[in-house]
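As the structure is a prediction and not an experimental result, all values here were calculated from the model. In what follows, chains carry the letters A, B, and so on, assigned in the order in which the sequence lines appear, proteins first and then strands, with residues in each chain numbered from 1.
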Amino acid sequence: MLDIQRIRQDTDQVQQGIKNKNVTLDLDPVLEADKQRREIIAEVESLKHERNQVSQSVAEKKRNGEDASELIERTRTIGGTIKELDEKLRGVDEELRTLMLQIPNIPHASVPVGTDPSENPVVKTWGQRVEPDFQLMTHLELGEALGLFDFAKGTKIAGPGFPLYTDRGAKLERALINFMLDFHTEKHGYTEVLPPVLANTRSMTTTGQLPKFEDDMYKIPQDDVYLIPTAEVPVTNIHQEEILSAEDLPIQYCAYSSCFRREAGSYGKDTRGFLRLHQFNKVELVKFTHPDDSYSALEALRQDAEDILQALGLEYRVIELVTGDLSFAAAKCYDLELWAPGEARWLEVSSCSNFEDFQARRGAIRFKSKDGGKAQLVHTLNGSGVATPRLLVALLESYQQADGSILLPDVLAPYMGATGIHLAP
RNA sequence: GGAGACGUGGCCGAGUGGCUUAAGGCGGCGGCUUGCUAAGCCGUUGUACGUUUUGGCGUACCGUAGGUUCGAAUCCUACCGUCUCCGCCA
């Protein structure tokens with residue numbers, strides 16, 4: 001959510017930001033509701049002030065054994081008006097809130113203006129292209145030969161997009177998750193948490209999944225909860241409705257979770273293998289920072305995610321999203337893309353975003369310094385560090401050998417208890 | 001799933017319709033005292049919104065939402081949460 005005062009004062013600037021984000025939305029109804037709201041508040045509060053004073057007089061008279069019926073009659077009338085205005089105010093409040101929740105975050109001044117993802121500038125590339133002298137296989141061919149996963153069985157159990165990892169494939173998945181968690185906690189100073197994979201409406205609203213993207217999620221109507229599309233949701237809501245100490249900032253968590261996405265509207269796109277799934281595993285990084293520090297924290301967050309890819313020795317590039325490609329809640333975002341030699345294409349494995357105070361305002365996440373001052377909204381950031389399916393694709397395809405076996409990077413050996421995945425004898 | 005108890009400020013805890021703009025204590029902050037520390041003494045204390053001449057002023061907030069009443073922390077209803085016991089269960 002944006003600051004209503006900012007919308008009131010810098011209307012043109014906000015309107016331009018919305019436009020740059022490729023969103024069609026008129027701020028006039030918002031300003032109108034805001035004006036109405038303040039008018040009603042002024043009126044109803046002065047009536048309440050009067051009522052309080054008269055009630056005090058009633059109490060005084062009764063204590064002295066005097067007749068107060070005249071005063072009582074007066075407050076009765078005021079009370080009726082207050083009730084009407086309170087009801088009207090509730091309606092306008094609700095209307096304003098509904099409108100406010102629809103407004104996207106606006107891009108940071110440093111974000112290049114653009115409408116199409118093809119305009120996203122590449123800000124960095126790292127690593128060496130895998131170009132062996134034998135015919136490259138795709139992850140699907142490799143996985144089948146090595147018995148790492150079984151999509152048919154996953155489909156039988158749950159449906160398409162719910163993979164079954166098998167044998168050394170299951171172990172490799174677990175190894176990757178453990179490697180990444182250990183890396184971020186030991187080398188980057190994140191605190192590990194293991195969150196619920198269900199979240200309620202309130203939490204989904206904080207991070208921006210609701211109210212606009214309800215159809216993208218799996219809902220459990222019986223209990224009014226949703227399966228999380230990312231650990232960002234539960235982890236950001238750890239501090240929902242809290243006032244943190246400025247001295248404790250930045251707070252940084254890393255979390256493994258399964259993620260669930262309906263991917264409505266994307267049928268037919270990337271349906272093969274691990275490229276697009278309904279359920280997948282991800283290690284997520286989440287930061288709560290002082291507003292002054294959030295942009296340096298974004299660079300550091302991105303580096304933390306990059307470090308994983310570098311430790312695994314995989315070729316990747318970093319792109320910066322143009323304004324029109326930014327997600328609803330983001331003010332600035334980098335994507336990390338791995339090169340998958342078998343697929344011969346770039347695969348997004350991480351999005352690192354700064355949400356500034358957009359989520360913090362929705363979730364009432366604030367901080368206060370010890371030496372006085374008002375509570376202020378924190379800035380929240382998050383990034384994948386990283387998601388496993390496409391990581392697995394790039395890893396298998398990059399480290400494949402001529403005979404179809406996989407020679408794994410050294411850092412995974414302790415987690416796999418082996419240096420590679422070889423064909424069954 | 002059944003039965004019961006309970007939700008008051010950062011924490012503990014009083015408060016059964018009006019002298020409660022929530023007592024008292026702990027903690028925090030500021031000051032005094034002090035060779036230092038401890039102790040003591042004095043003062044102070046949250047959030048949001050509206051308004052403002054930026055000094056303030058006003059309104060709301062005792063789990064949440066409604067209701068009764070001239071007036072609600074207090075009475076009524078529903079819901080949520082916590083705890084205890086029973087049942088079920090990894």
Strictly below 4.0 Å: does A:Arg74 bring a side-chain N or O up to OP1 or OP2 of B:rC70?
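Indeed not, no polar side-chain atom of A:Arg74 lies that close.
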What's the [atom1]-[atom2] distance between [X] and [N], to the nearest Å?
| X | N | atom1 | atom2 | answer |
| --- | --- | --- | --- | --- |
| A:Ile243 | B:rU45 | CD1 | P | 17 Å |
| A:Glu247 | B:rG28 | CD | P | 14 Å |
| A:Leu47 | B:rC70 | CG | P | 17 Å |
| A:Arg361 | B:rU47 | CZ | C1' | 16 Å |
| A:Leu96 | B:rG50 | CG | C1' | 14 Å |
| A:Met1 | B:rA48 | CE | C1' | 13 Å |
| A:Glu70 | B:rG71 | CD | P | 17 Å |
| A:Gln5 | B:rC49 | CD | P | 8 Å |

Could you tell me whether the side chains of [X] and [Y] share a donor-acceptor contact shorter than 3.5 Å?
| X | Y | answer |
| --- | --- | --- |
| A:Asn52 | A:Ser55 | no |
| A:Glu173 | A:Thr388 | yes |
| A:Ser46 | A:Glu43 | no |
| A:Asp304 | A:Tyr190 | yes |
| A:Gln359 | A:Thr380 | yes |

Looking only at atom [atom1], what distance separates [N] and [M], rounded to whole Å?
| N | M | atom1 | value |
| --- | --- | --- | --- |
| B:rA5 | B:rU77 | P | 14 Å |
| B:rC11 | B:rA90 | C1' | 36 Å |
| B:rC12 | B:rG7 | P | 12 Å |
| B:rG43 | B:rA48 | P | 28 Å |
| B:rU64 | B:rA72 | P | 16 Å |
| B:rG10 | B:rU44 | C1' | 15 Å |
| B:rA65 | B:rA60 | C1' | 15 Å |
| B:rC75 | B:rU69 | C1' | 10 Å |

Please write out the pairs of protein N or O atoms and N or O atoms of nucleotides 88-90 of chain B separated by less than 3.5 Å, giving the distance to one decimal.
none

Sugar-phosphate, base or nothing in reach of A:Arg37, heavy atoms under 4.0 Å:
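Sugar-phosphate, no base atom in range.
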Select base, sugar-phosphate, or nothing to describe what A:Arg97 touches, counting heavy atoms under 4.0 Å on all strands.
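If one applies the 4.0 Å heavy-atom cut-off, A:Arg97 turns out to touch nothing in the nucleic acid.
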Would you check, one step at a time, whether the test side-chain contact (heavy atoms from CB on, under 4.5 Å) holds for A:His379 with A:Phe358?
CA-CA 8 Å; A:His379 280 194; A:Phe358 188 83; over 6 Å; no
Is the distance between the ring centroids of [Y] and [X] under 6.0 Å?
| X | Y | result |
| --- | --- | --- |
| A:Phe367 | A:His290 | yes |
| A:His108 | A:Tyr295 | yes |
| A:Tyr218 | A:Tyr226 | no |
| A:Phe183 | A:His188 | yes |

Could you walk me through whether A:Thr419 and A:Leu408 pass side-chain contact (heavy atoms from CB on, under 4.5 Å), step by step?
CA-CA 6 Å; A:Thr419 57; A:Leu408 289 170; over 6 Å; no
Using the closest heavy atom to pick a nucleotide of RNA chain B for each, name whichever of A:Arg366 or A:Ile72 lands nearer the 5' end.
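So the residue in question is A:Arg366.
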For A:Phe149 and A:Phe274, take the angle between the two ring planes, folded into 0 to 90°, and tell me which bin it lands in: parallel under 30, tilted 30 to 60, perpendicular over 60.
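Ring orientation, 0 to 90° scale: perpendicular.
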Requiring both pairing distances under 3.5 angstrom, list the stems that contain RNA chain B and are made of three or more consecutive Watson-Crick or G-U pairs.
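Consecutive-pair runs (3 or more) involving RNA chain B: B:1-7 with B:80-86, B:10-12 with B:24-26, B:27-32 with B:40-45, B:46-51 with B:56-61, B:63-67 with B:75-79.
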Salt bridge [X]-[Y], side-chain N to carboxylate O under 4.0 Å:
| X | Y | result |
| --- | --- | --- |
| A:Glu242 | A:Arg366 | no |
| A:Arg74 | A:Glu50 | yes |
| A:Arg6 | A:Asp10 | no |

Restricting to ring pair (Phe, Tyr, Trp, His ring centres under 6.0 Å), what partner residues turn up for A:Phe260, sequence neighbours left out?
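For A:Phe260, no residue satisfies ring pair (Phe, Tyr, Trp, His ring centres under 6.0 Å) once neighbours in sequence are set aside.
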My understanding is that only one of A:Glu356, A:Glu320, A:Glu299 makes a salt bridge (Lys or Arg N to Asp or Glu O under 4.0 Å) with A:Lys332; could you say which?
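Of the listed residues A:Glu356, A:Glu320, A:Glu299, the salt bridge (Lys or Arg N to Asp or Glu O under 4.0 Å) partner of A:Lys332 is A:Glu320.
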N/O to N/O distances under 3.5 Å, protein versus nucleotides 17-23 of chain B:
from: B:rG18; atom 1: N2; to: A:Ser55; atom 2: O; distance (Å): 3.2

In B:rG55, glycosidic geometry as syn within 90° of 0 or anti otherwise
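Here B:rG55 takes the syn form, which means its glycosidic angle is within 90° of 0.
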Reading nucleotides 55-68 of chain B 5' to 3', which nucleotides get B (base under 4.0 Å from a protein heavy atom), which S (sugar-phosphate only), which -?
---BBS-----S-S
Using a cut-off of 4.0 Å between protein heavy atoms and nucleotide atoms, how would you tag nucleotides 73-82 of chain B 5' to 3' with B, S and -?
----------
B:rG50, B:rC70, B:rU47: which one has an atom nearest the side-chain heavy atoms of A:Thr75?
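Among the listed nucleotides, the one closest to the side chain of A:Thr75 is B:rC70.
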Taking CD in A:Gln56 as the centre, count heavy atoms belonging to other residues, nucleotides or ligands within less than 6.0 Å. Is the count above 12?
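Atom CD in A:Gln56 is not crowded, with 12 or fewer foreign heavy atoms closer than 6.0 Å.
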